There are 4 protein chains.
Amino acid sequence: MTENKKTLLPALRPEVSNRLEKAVMDVFSHSDFHRANIRDVAKAAGVSFTTIYKHFGSKEQLVFTYVNLWLGRLTDRIIDHLQGIEDLKEKLRKVFWLQLDYYERHPYLGRMLFMTLPMATWMADKTFEQKKMVHLYLEVLKKGQEEGILNPRVRSGVLLDIMMGLVQRSFFMWVQRGCKESLAEQSNVLFDMVWRAISVPEKE
Amino acid sequence: MTENKKTLLPALRPEVSNRLEKAVMDVFSHSDFHRANIRDVAKAAGVSFTTIYKHFGSKEQLVFTYVNLWLGRLTDRIIDHLQGIEDLKEKLRKVFWLQLDYYERHPYLGRMLFMTLPMATWMADKTFEQKKMVHLYLEVLKKGQEEGILNPRVRSGVLLDIMMGLVQRSFFMWVQRGCKESLAEQSNVLFDMVWRAISVPEKE
Amino acid sequence: MTENKKTLLPALRPEVSNRLEKAVMDVFSHSDFHRANIRDVAKAAGVSFTTIYKHFGSKEQLVFTYVNLWLGRLTDRIIDHLQGIEDLKEKLRKVFWLQLDYYERHPYLGRMLFMTLPMATWMADKTFEQKKMVHLYLEVLKKGQEEGILNPRVRSGVLLDIMMGLVQRSFFMWVQRGCKESLAEQSNVLFDMVWRAISVPEKE
Amino acid sequence: MTENKKTLLPALRPEVSNRLEKAVMDVFSHSDFHRANIRDVAKAAGVSFTTIYKHFGSKEQLVFTYVNLWLGRLTDRIIDHLQGIEDLKEKLRKVFWLQLDYYERHPYLGRMLFMTLPMATWMADKTFEQKKMVHLYLEVLKKGQEEGILNPRVRSGVLLDIMMGLVQRSFFMWVQRGCKESLAEQSNVLFDMVWRAISVPEKE
DNA sequence: AATGAATGAGGTTTCATTCAT
DNA sequence: TATGAATGAAACCTCATTCAT
């Protein structure tokens with residue numbers, strides 16, 4: 001991780017990087033990418049505009065860098081929490097919950113990831129952390145298919161798509177409805193549906 | 001519908017409107033919103049950009065207007081196709097397929113809707129057609145719940161989220177993988193999973 | 001001239017161009033080129049910053065364009081005044097006076113031309129009007145040499161250098177001393193010296 | 001002189017100062033002041049740019065300091081060469097030649113002095129060495145006027161202006177024409193003209 | 001004393017949007 | 001009504017200059 005951070009965030013004093021992180025959260029999660037404005041970020045972070053440019057090179061890279069950092073933290077958290085869980089279903093349930101919980105507690109991340117990130121560029125450019133997370137899932141899902149627990153007739157990617165699609169859509173709708181009820185609390189109900197979708201029917 | 005269109009698209013000579021439609025498709029589906037440029041749209045459409053402003057008022061409204069138009073066409077098509085189908089499962093299967101099929105044949109719409117639209121503003125502003133489509137679904141889903149066919153323990157919105165989440169995610173991944181295999185052809189496999197997720201388990 | 005102006009100054013409303021002219025005078029003649037700042041020019045002229053860039057392309061071109069315009073006016077004035085003067089000496093005397101007089105009444109021009117213009121670029125790029133003026137002089141000087149009135153043993157350019165060198169240096173020193181005495185009033189005294197320098201000695 | 005140099009050039013290891021001198025020559029004589037860039041100077045000199053700031057305080061001071069140093073060397077050379085010449089005309093001829101010769105052999109100095117120096121600031125700030133040189137000349141010229149050899153009807157400054165104006169203009173034109181013929185070799189021809197301009201006409 | 005990082009200013013570009021015709 | 005010019009904002013980029021080590 002430290003390694004990773006070094007690559008992503010060139011030598012910025014941690015204190016500065018922290019202020020910048022907060023500023024990016026704030027500015028970019030509250031308006032569409034094209035309306036957010038780097039000068040506001042700089043002002044909010046108490047960092048000079050030029051410094052931001054020297055370190056990130058562009059408005060897009062600034063956002064991408066922090067989104068990657070945050071996704072990295074979610075990934076780390078997932079890895080951490082999976083330890084010691086053996087049952088496949090419980091693993092997936094945990095992963096599903098961890099995502100809803102994380103996005104609920106860090107709505108700026110969900111907002112940016114699902115609502116404001118300039119996707120065309122993002123997809124072309126960096127999916128580092130996303131890839132890591134995806135690999136993590138796919139391994140588990142593939143094993144589940146091999147063991148005859150999960151539906152083997154589709155690419156494991158499809159199983160993932162059901163989970164991820166629901167996470168994204170649920171978050172989006174939750175925001176749309178004003179973030180009222182807890183997102184994470186719905187995890188079990190939602191996951192039960194996901195599980196029925198991806199698991200092999202009892203006797204077929 | 002005609003009524004509706006009139007509201008959406010102010011008096012532009014149909015020939016001009018057609019050229020503009022194509023231009024918007026092209027320009028906005030191929031790059032992120034903030035990179036797409038109204039002058040390019042105007043040039044491609046052979047209209048002066050000021051004319052665009054007269055009619056649409058802003059870059060965002062221009063895009064929103066056409067996305068609404070296209071979503072309206074999808075909705076119309078769905079309404080049309082649902083005629084004469086009685087079975088709930090077949091209705092939903094058809095709707096699911098219609099979406100994948102439509103986005104596959106009109107990838108610019110999927111690209112814009114799922115990838116380049118400035119969501120914060122879009123959500124705040126217009127979901128006309130989306131709302132219409134959503135109401136359409138929700139009615140069907142609610143009826144299904146009442147009839148004991150669909151899982152009654154969740155808001156009907158959740159059932160929708162599973163479908164829509166998978167549509168969006170599938171489209172997104174399809175683009176990501178380079179639009180190789182047919183999207184619509186996977187409809188049945190995917191829908192079977194969705195159906196297991198949302199229907200009431202055989203004997204409970 | 002009108003022709004000329006069209007080339008130099010693309011369609012700017014004359015009223016705007018006038019305000020801009022004054023602003024350039026002011027801003028660029030009162031500080032060194034690298035300290036003068038386009039945003040101040042724009043503000044002083046009540047023109048948008050962007051408009052300046054659209055029309056001139058760079059800080060240098062903005063200055064060069066106006067300097068050329070002013071030099072063009074001086075050239076026009078010289079051409080006008082030379083009419084009807086036959087005697088070579090009187091022609092040159094007039095030219096000499098016209099320059100001192102012009103720079104005295106338009107010190108911003110002298111300041112910019114002799115003190116703040118980025119010469120390396122200026123020389124490489126545009127000497128349109130200067131060339132015109134120089135040709136004007138050289139013709140007269142060459143004729144004087146052919147007629148045996150002016151020193152024939154040097155390139156006519158050298159004769160010019162004496163005149164121009166003194167004009168520039170006199171202006172420079174005049175500014176240095178605080179623009180006290182009249183510059184044009186010294187014209188005759190100075191010219192007599194120049195004349196002795198460039199004319200063929202009485203009996204040699 | 002040593003005293004003087006100490007004032008001008010603060011304690012820099014002579015080796016460093018030499019490298020810096022060359023770098024300043026190079027960088028500032030080849031482009032306009034505002035395009036020349038201190039980092040390039042630092043790089044060329046193998047010094048950190050911060051060191052330059054410690055010693056010179058600003059880009060302008062850096063240039064001014066070295067120009068003064070070089071002008072000082074020219075002045076020293078002039079003082080040296082004037083020794084033992086009694087005849088006024090020969091003194092002035094020598095001085096005139098020394099300047100053309102010096103600028104020809106050190107074109108970077110001429111370039112900087114006559115073409116790239118930010119004059120407004122230079123004039124306001126430092127003319128140390130120039131003043132010294134000027135005083136040197138003025139003394140000689142005044143004496144010539146008192147002795148009835150030089151035109152007594154103008155300020156001695158004017159006599160100087162003719163010389164200096166021609167030096168500057170000749171250098172400038174020489175550069176403009178590509179530094180082809182030798183500048184110093186034209187000294188006599190030019191000086192004869194200057195002499196006619198400033199001396200009292202044979203019998204008047 | 002010497003250095004690299006940070007800063008502020010301002011040149012340069014590109015746009016969305018508005019104005020005037 | 002349709003258009004090109006003008007505008008303001010902000011991205012982008014380079015530097016002189018300052019700060020902190």
Side-chain angles (χ1 to χ4, degrees), chain A residues 10-13 16 20 33-43 45-62, chain B residues 10-13 16 33-42 46-63 118, chain C residues 10-13 15-16 20 27 33-43 45-62, chain D residues 10-13 16 33-42 46-63 118:
Chain A
L12 269 177
R13 267 175 300 139
V16 171
L20 201 47
F33 183 80
H34 73 288
R35 300 220 199 204
N37 136 3
I38 298 202
R39 270 160 171 102
D40 287 347
V41 174
K43 225 171 293 162
V47 189
S48 112
F49 181 59
T50 318
T51 302
I52 293 183
Y53 260 92
K54 193 170 275 141
H55 282 277
F56 300 94
S58 78
K59 190 178 170 182
E60 273 152 345
Q61 275 313 311
L62 172 65
Chain B
L12 269 176
R13 269 172 299 140
V16 170
F33 183 80
H34 73 288
R35 298 221 200 200
N37 150 352
I38 285 219
R39 275 170 157 89
D40 287 347
V41 174
V47 194
S48 113
F49 63 87
T50 319
T51 304
I52 294 183
Y53 273 90
K54 274 275 154 49
H55 285 281
F56 299 93
S58 78
K59 188 179 172 184
E60 272 151 346
Q61 276 313 313
L62 171 66
V63 175
Chain C
L12 269 177
R13 267 174 302 140
E15 162 217 352
V16 171
L20 201 47
V27 172
F33 184 80
H34 72 288
R35 300 220 200 201
N37 133 9
I38 299 201
R39 277 165 170 101
D40 287 346
V41 174
K43 224 172 293 162
V47 189
S48 112
F49 182 58
T50 317
T51 303
I52 293 183
Y53 260 92
K54 194 170 274 142
H55 283 278
F56 300 93
S58 78
K59 190 179 172 184
E60 272 153 346
Q61 276 313 311
L62 172 65
Chain D
L12 269 177
R13 269 173 299 137
V16 170
F33 184 80
H34 73 288
R35 300 220 199 199
N37 150 351
I38 284 219
R39 274 171 158 90
D40 287 347
V41 174
V47 194
S48 112
F49 63 87
T50 319
T51 304
I52 294 182
Y53 273 90
K54 276 274 156 48
H55 285 282
F56 300 93
S58 79
K59 188 180 173 184
E60 272 150 344
Q61 277 313 313
L62 171 66
V63 175

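Protein chains get the first letters and strands the later ones, always in sequence-line order, with residue 1 at the start of each. Being a predicted model, the structure only gives us computed values, none of them experimental.
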Nearest-Å distance, [atom1] ([X]) to [atom2] ([N])?
| X | N | atom1 | atom2 | answer |
| --- | --- | --- | --- | --- |
| A/Leu20 | E/dA6 | CG | P | 11 Å |
| D/Glu60 | F/dC15 | CD | C1' | 14 Å |
| C/Ile52 | E/dT12 | CD1 | P | 12 Å |

Intra- and interstrand pairs of DNA chain F - dot-bracket, Watson-Crick/G-U under 3.5 Å, | marks other strand
.||||||||||||||||||||
Residues in side-chain contact (heavy atoms from CB on, under 4.5 Å) contact with C/Ala36, at least two apart in sequence or another chain:
C/Val27, C/Phe28, C/Ser31
Partners meeting side-chain contact (heavy atoms from CB on, under 4.5 Å) with B/Thr50 (sequence neighbours left out):
B/Ser48
Phosphate OP1/OP2 of F/dC13: any A/Tyr53 side-chain N/O under 4.0 Å:
no
Where do N or O atoms of nucleotides 2-4 of chain E meet protein N or O atoms at under 3.5 Å, pair by pair?
{"unit_1": "E/dT3", "atom_1": "OP2", "unit_2": "D/Ser48", "atom_2": "N", "d": "3.4"}
{"unit_1": "E/dT3", "atom_1": "OP2", "unit_2": "D/Thr51", "atom_2": "OG1", "d": "3.3"}
{"unit_1": "E/dG4", "atom_1": "N7", "unit_2": "D/Thr50", "atom_2": "OG1", "d": "3.1"}
{"unit_1": "E/dG4", "atom_1": "O6", "unit_2": "D/Thr50", "atom_2": "OG1", "d": "2.9"}

Would you say A/Leu20 and A/Phe56 make side-chain contact, with heavy atoms under 4.5 Å?
yes
For DNA chain F, what residues of residues 35-43 of chain A have any heavy atom nearer than 4.0 Å?
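Residues of residues 35-43 of chain A that come under 4.0 Å of DNA chain F are, in numerical order, A/Ala36, A/Asn37, A/Ile38, A/Arg39.
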Suppose we screen for salt bridge (Lys or Arg N to Asp or Glu O under 4.0 Å). Which residues come up paired with D/Arg35, at least two apart in sequence or across chains?
C/Glu60
Taking the nucleotide of DNA chain F with the closest heavy atom to each, which residue, A/Lys59 or D/Gly57, is nearer the 5' end?
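Closer to the 5' end of DNA chain F: A/Lys59.
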